[in-house]
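Worksheet: one structure, shown below.
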Amino acid sequence: MNLTVNGKPASIAEENPVPVSQLLELLRVEQREYVTVELNGDILDRGDFDGATVKDGDNVEFLYFMGGGR
Amino acid sequence: MGEKEKKLRFDTKLIHGGTSPGPSGATKTPIVQASAFAYDTAEELEDIFRGRAVGQVYTRIGNPTVDTLEKRLAAIEDGIAAVVTSSGMAAITTAVMAVVRSGDEVLSSSSLFGGTYSLFHDTLANFGIETRFVDPVDLAAVEAGISEKTRLIFVETIGNPKMDVPDIAAFAAIAKKHGIPLMVDATVSTPYLARSKELGADIIVHSTSKYINGTANSIGGAIIDAGSFNWQNAKFPHFEQFYRKYRSFAFTARVRKLIHKDFGACAAPLNSFLLGEGLETLALRMERHCSNALQVARFLQAHEKVAWVNYPGLNDSPFHEVAKRQFNGRFGGLLTFGLADRAAAFRVINNLRLAKNLANIGDTKTLVIHPASTICADYTPEVKALMGVSEEQVRVSVGIEDIEDILEDFAAALEKA
């Protein structure tokens, strides 16, 4: 499926919707214990990472609070 | 922290928790003594500033050596994240300023380290933040002290130098009932004695300069976010933007992206390395601090020239039972005792040969001080009484030397007193 990740096109081999927790692994997202996930404009609770799924065409943002500025 | 790591036992976590092998395979945290970090493209740096990518920018904001210590402290306190600072007072100031705003109130234990009392009573008051001080042992007074404006409850796990031991779980129940976060200063108990998150603390602060460092070679502080408080709360509208974006990390995000960044009380990389070195032996040292302190307390209690001893490990201490329950049968390395008067207290200090007379605690060395004329000298007799400070009192931070040498030192000094 094709996704937009942090504003850039990205694709994963899976065709069916995948849980966000699996997406974090597939994309080798850094520092997964601290990342915030925004799916199509909505911030997910960390407890929803297993339940929420990502499908073709979705827009995903991975956000960190450790970065340089506000 | 991975699931596997969460299952590690405490002493193992002190050594392995929050660590990850770097590219070099070094088994020690590299000391990254650099102020700033370069990137090849403008886009990469933009992504980091926007929070879209992880990366170091500037050591006031973050540094790899500092970051490792933060992850290790979060792991040993079972927190979701930690921020380390240049000192324990910087940690308290930063954490408190992240929670409260002008017009808010703090409800604090009156049994406080002098620096914290000064921060609440003088400095924060000048910025429109009032603190109500209550006896932490009087839980009815604690609850009665909460007003519509209270936004934070603050307590030390072992009051320094009063040596009282508040019931932290009872504090947590009161805080929860009123929808207010509980911040505990666990410096004197250390994470080895007090499992602060389990007791109900929402935010844990430490002066890491003390037992965590252990050998008095670096000043440092830490703020650990237990992740237990719901910041989506009408009392905390200033957390809204952080909750909306970072959810359970709202507190740490507000600390890191606003207060810590703006106040700039950042930890030095070298100090963070040294503090991490100390962390590894915390459990071993605390066992010895605790056993030595109990023996010193018993020796002093039996001595004819000693009027009183305050140590929660003594069976007749009013805090023995709560400390025993709360600290899993250990009582820490700090105690106070009283002589006949101030002159006798000075004579004992002047005649000690092994114990050092200085303003610190938590070193491997046995340390003493006369609090009333030094660390608490600025306060009125009324405030001193509130803080458990008296003229005939000596505070002892019992070290990890051979107990026979410590006892002989006190015996000889008392003989000359």
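Chain naming here is simple, since letters A, B, ... match the order of the sequence lines and numbering starts at 1 in each.
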Side chain to side chain contact (heavy atoms under 4.5 Å, CB included) for B/K71 and A/Y34? Distances and angles first, verdict last. CA-CA 11 Å; B/K71 289 191 166 66; A/Y34 294 117; 3.5 Å; yes
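Residue-environment remark: CZ (B/F127) stays at or below the threshold of 12 foreign heavy atoms within 6.0 Å. Counting non-hydrogen atoms of other residues, nucleotides and ligands closer than 6.0 Å to NZ of B/K176 gives a total of 12 or fewer. Around the CZ atom of B/F37, the shell of radius 6.0 Å holds more than 12 heavy atoms that belong to other residues, nucleotides or ligands. At most 12 heavy atoms of other shown residues, nucleotides or ligands fall within 6.0 angstrom of atom CD1 in B/I219.
Between chain A and the options B/V83, B/L45, B/V54, the largest number of non-hydrogen pairs under 4.5 Å is found for B/V54.
Proximity to chain A (any heavy atom under 4.5 Å) is restricted, for B/R244, to the backbone atoms N, CA, C and O. For B/Y246, the parts lying under 4.5 angstrom from a heavy atom of chain A are both the backbone and the side chain. Only the side chain of B/Y243 has a heavy atom closer than 4.5 Å to any heavy atom of chain A. Looking at B/I80, the atoms closer than 4.5 Å to chain A (heavy atoms on both sides) all sit in the backbone: N, CA, C or O.
Using non-hydrogen atoms only and a strict 4.5 Å limit, the part of residues 15-32 of chain A facing chain B consists of A/E30, A/Q31. When the heavy atoms of residues 36-48 of chain A are compared with those of chain B, the residues falling under 4.5 Å are A/T36, A/I43, A/L44, A/D45, A/R46, listed by number.
A/F65 and B/F249 have tilted rings, their planes meeting at an angle from 30° to 60° on a 0 to 90° scale.
A distance of 13.0 Å separates CG of B/D47 from CZ of A/F62, quoted to the nearest 0.5 Å. Separation of atoms CD (B/E43) and NZ (A/K8) is listed at 7.5 Å; rounding is to 0.5 Å.
Here the side chain of B/R52 pairs a donor or acceptor atom with the backbone of A/N6 at under 3.5 angstrom.
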